[in-house]
Amino acid sequence: MPEVIFNGPEGRLDGRYHHNGADDSPIALILHPHPQQGGTMNNKLCFNMFNMFKDRGYSVMRFNFRGVGRSQGVYDHGIGELSDAASALDWMQTYNTNSRSTWVAGYSFGAWIGMQLLMRRPEIDGFISVAAPASDYDFTFLAPCPSSGILIHGKRDENIPVNSVTKLGDKLNAQKGIEVDMCLIEGADHYFAKQQEEVIRHASAYLDKRGA
């Protein structure tokens, strides 16, 4: 998978990008966990989601937020990282001008950024949010939520209580025209050490359900 360097709001951003090549190939953006807690684009789950989309015929990117790896800039409490994600999507769209659909997938902090990106970019058709930090961050900006998606969470997550995520899912599903699937994985904590394949299986099944 080619290394790519593209311009972000605060300098160069470092990513890995797979180009499908088909004129109308869908695109997907993968967003990694918290930069100050060891999160990078090489996180195993992000890597596996990248390959899932690649295998489904997507043009797909994962990249390091500002201040991570070779990406320039410094951590900006989510504000700048949202702009980084928008820049990554812009970059992909220049190489996929006829893309038939757009998806965003995020893990933990990346899920929070990804769901904010939904509000900025109406072209995003769906989301996959793994271990969404509903107890750590305010998600009330999803009013209304512009697209449907899936929340995947470990039943033994001690970082983000399950009930905070199920409440988020219930609130989103109460909105007209929005359907958010809730997938709780038995035995999984916040890191899904032994459940990586199960996360990917549920995410892929959801994409099948959406015809994506």
Side-chain angles (χ1 to χ4, degrees), residues 1-6 13-35 37-65 68-71 81 84-85 87-96 99-115 117-118 124-132 147-154 181 183 185 187-212:
M1 60 200 75
E3 297 183 17
V4 293
I5 299 289
F6 58 98
L13 294 171
D14 176 29
R16 300 292 180 273
Y17 173 68
H18 167 76
H19 186 66
N20 175 268
D23 183 60
D24 66 343
S25 67
I27 61 176
L29 179 63
I30 313 297
L31 302 174
H32 70 71
H34 203 294
Q37 296 171 14
T40 79
M41 67 175 170
N42 294 322
N43 172 275
K44 185 178 180 181
L45 185 54
C46 292
F47 179 81
N48 288 338
M49 288 197 291
F50 179 99
N51 284 330
M52 176 192 71
F53 279 107
K54 175 184 174 183
D55 292 345
R56 296 180 72 92
Y58 281 67
S59 289
V60 56
M61 176 191 277
R62 66 187 204 274
F63 76 98
N64 281 327
F65 288 123
V68 177
R70 295 194 298 161
S71 291
E81 287 76 15
D84 294 344
S87 294
L89 188 54
D90 288 342
W91 187 92
M92 276 199 296
Q93 287 174 335
T94 64
Y95 294 96
N96 299 273
S99 172
R100 66 178 180 270
S101 68
T102 302
W103 281 72
V104 60
Y107 174 24
S108 193
F109 175 86
W112 179 57
I113 299 296
M115 295 178 85
L117 191 63
L118 298 177
I124 295 176
D125 297 289
F127 65 87
I128 297 170
S129 290
V130 182
S147 60
S148 297
I150 183 171
L151 296 169
I152 300 174
H153 209 77
D181 284 22
C183 174
I185 297 184
D189 62 12
H190 193 68
Y191 305 100
F192 301 94
K194 297 179 180 179
Q195 296 88 9
Q196 295 274 322
E197 291 183 4
E198 193 172 350
V199 172
I200 297 303
R201 188 166 66 249
H202 284 293
S204 189
Y206 180 72
L207 291 169
D208 288 343
K209 174 183 172 180
R210 290 283 301 273

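- Counting only heavy atoms from C-beta outward, the side chains of Phe63 and Ser87 never approach each other to under 4.5 Å.
- Using a distance-only test at 3.5 Å, with no hydrogens or angles considered, a donor-acceptor pair links the side chain of Gln195 to the main chain of Gly187.
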**Request:** Could you give me the CA-CA distance, side-chain angles and deciding distance for Phe127 and Leu151, then say whether side chain to side chain contact (heavy atoms under 4.5 Å, CB included) is met?
**Result:** CA-CA 8 Å; Phe127 65 87; Leu151 296 169; 4.2 Å; yes
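- Taking the side chain as every heavy atom from C-beta outward, Arg56 and Asn51 never approach each other to under 4.5 Å.
- When each of Asn42, Thr40, Asn43 is tested with Arg62 by the rule side-chain hydrogen bond (donor to acceptor under 3.5 Å, both in side chains), just one qualifies, namely Asn42.
- The minimum heavy-atom distance between Ile150 and His202, with the atom names listed, is CD1-O, 4.2 Å.
- Applying the ring pair (Phe, Tyr, Trp, His ring centres under 6.0 Å) rule to Phe192 yields no partners; only residues at least two apart in sequence or on another chain are considered.
- Put simply, CD1 on Ile27 and NE2 on His19 are 11.0 Å apart, with the number rounded to the nearest 0.5 Å.
- Considering only heavy atoms from C-beta on, Thr102 stays 4.5 Å or farther from Val104 through its side chain.
- Between Tyr17 and Phe6, the closest side-chain pair of non-hydrogen atoms is not below 4.5 Å.
- A heavy-atom distance below 4.5 Å is not found between the side chains of Asp125 and Ser147.
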**Request:** List the steps and the verdict of ring-ring contact (aromatic ring centres under 6.0 Å, His included) for His18 and Phe50.
**Result:** CA-CA 9 Å; His18 167 76; Phe50 179 99; 7.1 Å; no
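- For the atom pair CD of Gln196 and CG of Asn48, the computed distance is 5.0 Å after rounding to the nearest 0.5 Å.
- Listed by chain and number, the residues in a salt bridge (charged side-chain N to carboxylate O under 4.0 Å, His left out) with Asp14 are Arg16, Arg70 (sequence neighbours excluded).
- Interatomic distance, Ile128 CD1 to Ile152 CD1, rounded to the nearest 0.5 Å: 6.5 Å.
- Comment: Lys209 engages Asp181 in a salt bridge, judged by a side-chain N to carboxylate O separation of less than 4.0 angstrom.
- For the residue pair Ser59 and Asn96, a side-chain donor N or O sits within less than 3.5 Å of a side-chain acceptor on the partner.
- For the atom pair CG (Asp189) and NZ (Lys194), the distance works out to 10.0 Å, reported to the nearest 0.5 Å.
- In this structure, Ile113 CD1 and Ser129 OG are separated by 11.0 Å, a value rounded to the nearest 0.5 Å.
- For the pair Trp103/Phe53, a side-chain contact is recorded, criterion being any heavy-atom separation below 4.5 Å from C-beta on.
- Residues passing the ring pair (Phe, Tyr, Trp, His ring centres under 6.0 Å) test with His153, sequence neighbours excluded: none.
- Remark: side-chain polar atoms of Ser99 are paired, donor with acceptor, to backbone N or O of Ser25 under 3.5 angstrom.
- Contact detail for Pro33 and Phe109: the closest heavy-atom pair is C-CB, 3.8 Å.
- Here CH2 of Trp91 is found 10.5 Å from CD1 of Ile5. Values are rounded to the nearest 0.5 Å.
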**Request:** Carefully, step by step, assess Met61 and Ile30 under the rule side chain to side chain contact (heavy atoms under 4.5 Å, CB included).
**Result:** CA-CA 6 Å; Met61 176 191 277; Ile30 313 297; over 6 Å; no
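- Tyr107 pairs by the ring pair (Phe, Tyr, Trp, His ring centres under 6.0 Å) definition with nothing, not counting sequence neighbours.
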**Request:** Quick one: do Leu89 and Ile124 satisfy side chain to side chain contact (heavy atoms under 4.5 Å, CB included)? Show the steps, please.
**Result:** CA-CA 10 Å; Leu89 188 54; Ile124 295 176; 4.3 Å; yes
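- Under the 4.5 Å side-chain criterion, counting only non-hydrogen atoms from C-beta, Leu45 is in contact with Ile200.
- In the model, Ser108 has no side-chain atom that pairs as donor or acceptor with a side-chain atom of His34 under 3.5 Å.
- The salt bridge (charged side-chain N to carboxylate O under 4.0 Å, His left out) search around Asp24 returns Arg100, not counting sequence neighbours.
- The heavy-atom pair separating Ala105 from Met49 by the smallest distance is CB-SD, 4.0 Å.
- Formation of a donor-acceptor pair under 3.5 Å by the Asn64 side chain with backbone atoms of Ser71 is not found in this model.
- Residues Met41 and Phe65 are not in side-chain contact: their nearest non-hydrogen atoms beyond the backbone lie 4.5 Å or more apart.
- The salt bridge (charged side-chain N to carboxylate O under 4.0 Å, His left out) search around Asp23 returns none, not counting sequence neighbours.
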